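Comments concern the structure below.
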2 protein chains.
Amino acid sequence: MTKDPEDNDAPPNQPERFQQARAAQAMAILEDYAEMISDLIEEMGEARITDIASRMGVTHPTATKAVARLKREGLAVSRPYRGVFLTDEGADLAERVRARHRTVVDLLVAVGVPPETAEMDAEGLEHHVSETTLKAFERYLDAAAAK
Amino acid sequence: MTKDPEDNDAPPNQPERFQQARAAQAMAILEDYAEMISDLIEEMGEARITDIASRMGVTHPTATKAVARLKREGLAVSRPYRGVFLTDEGADLAERVRARHRTVVDLLVAVGVPPETAEMDAEGLEHHVSETTLKAFERYLDAAAAK
DNA sequence: ACAAGAATGTAGCCAAGGCTTTAAAAATAC
DNA sequence: GTATTTTTAAAGCCTTGGCTACATTCTTGT
């Protein structure tokens, strides 16, 4: 065992890595709700709290709180007893999230993950895929398609 | 806009997908701490609260609480003012996490992600990679190596 | 028109995972 | 052997994101 304090071969940026992973996690829920609201509006013309909750697998009060956070962040608007709508910024976010989700699923499938599993895992994975990695995924998929 | 309640083309398992992503998240921090403790023991012969905290990028009280959770889950043991050690179960977990981390980084690099970015993203991604997906990654890497 | 049921909102609880501040114990230095 | 410094612990606060229970408001059926 090396108890020598000199022998420190941990990457110096390791704390930042974890901090960044935590930051990504903080965005994750907002992203999920924004995308869900966007989906619901597209499919049913409006996003009701009840529908959001049931699709997210949470109770209505939880959905209400999440929507409150979205509103606080300027991503959504709503009036009491009415549906929830996205601001331009929120709609933008939802669109980016949706595109990223597709890319992640496609990449997983491309490397041999069963589609059903790819869908499952992408739900958690997508929030931690950086811009750089996303670009790399797109390039890989393009190359594979052109093969 | 389709307000027809019949038109419900959401996958019925969508709530489960989100619930599973949330469950994975709950394990994530335990996994990170277990792996970190394992790293420190290997590198320095013991894992001290101070070192754990500084590498995780948190304050010591936060690290202490995390260790308390690990102990509660039967993954670690420690006595006051002594280092932290992993139980067999904890060591097992750490080893699995470490292996998975390597596989994820390797796969990212294999599809064209810059190594530094791969390290970064893997920190968040790894916790959401299912067994099935991990196996697929391994097969892909084997195939690429044998090419 | 109004009663019943469904949807939404509000209040309050809990655990997790951060933080700061303060206290005690251990290790070290003199 | 004592004093100082470092490490650990303890207490208490905050936010997030779940929950249940209860109150209110809409909507709908008759």
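Each chain gets a letter, A, B and so on, in the order its sequence line appears, and its residues count up from 1. Being a predicted model, the structure only gives us computed values, none of them experimental.
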In whole angstroms, the gap separating P of C:dA24 from OH of B:Tyr81 amounts to 9 Å
Contact class for B:Tyr33 (heavy atom, under 4.0 Å): base, sugar-phosphate, or nothing? sugar-phosphate
Looking only at side chains, do B:Asn13 and A:Glu116 share a donor and an acceptor under 3.5 Å apart? yes
Residue mapping more 5' on DNA chain D - nearest nucleotide basis, A:Thr59 or B:Pro61: B:Pro61
Could you tell me the separation between the CZ atom of A:Arg48 and the P atom of D:dC26, rounded to a whole number of Å? 12 Å
With a 3.5 Å cut-off and no angle check, do the side chains of A:Gln25 and A:His128 form a donor-acceptor pair? yes
State whether B:Arg69 places a side-chain N or O below 4.0 Å from either non-bridging phosphate oxygen (OP1 or OP2) of C:dA16. no
Rounded to whole Å, please give me the gap between CD in B:Gln19 and C1' in D:dG17. 14 Å
Can you tell me if the side-chain N/O atoms of B:Arg72 get under 4.0 Å from OP1 or OP2 in C:dA16? yes
Test side chain to side chain contact (heavy atoms under 4.5 Å, CB included), reference B:Ser130, set A:Thr117, A:Leu125, A:Val113, output is A:Thr117
Rounded to the nearest angstrom, tell me the gap between atom NZ in A:Lys71 and atom C1' in C:dT8. 12 Å
Report yes if a side-chain nitrogen or oxygen of A:Arg82 is closer than 4.0 Å to either non-bridging phosphate oxygen (OP1 or OP2) of C:dT8; otherwise report no. no
Residue A:Val58, side-chain heavy atoms: nucleotide from C:dA25, D:dC19, C:dG18 that is nearest: D:dC19
Whole-Å distance, A:His60 NE2 to D:dC19 C1', equals 12 Å
Are a donor atom and an acceptor atom from the side chains of B:His101 and B:Glu31 found within less than 3.5 Å of each other? no
Over all atoms of both residues, closest heavy-atom pair of A:Asp32 and A:Met56: CB-CE, 3.9 Å
Identify whether any heavy atom of B:Pro80 sits under 4.0 Å from a base atom; if not, whether one sits that close to sugar-phosphate; answer base, sugar-phosphate or nothing. sugar-phosphate
Starting at CD of A:Glu73 and ending at C1' of D:dT15, how long is that distance when rounded to a whole Å? 12 Å
Looking at B:Arg22, I'd like to know whether one of its side-chain N or O atoms comes within less than 4.0 Å of OP1 or OP2 on D:dG17. no
Separation of atom CD in A:Gln25 from atom C1' in D:dT15, rounded to whole Å: 15 Å
Classify B:Thr50 by what it touches in the nucleic acid, base, sugar-phosphate, or nothing, heavy-atom distance under 4.0 Å. sugar-phosphate
For the side chain of B:Thr62, counting heavy atoms from C-beta on, which of D:dA9, D:dT16, C:dG18 is nearest? C:dG18
Write down the distance between CE (B:Met27) and P (C:dA15), rounded to a whole number of angstrom. 19 Å
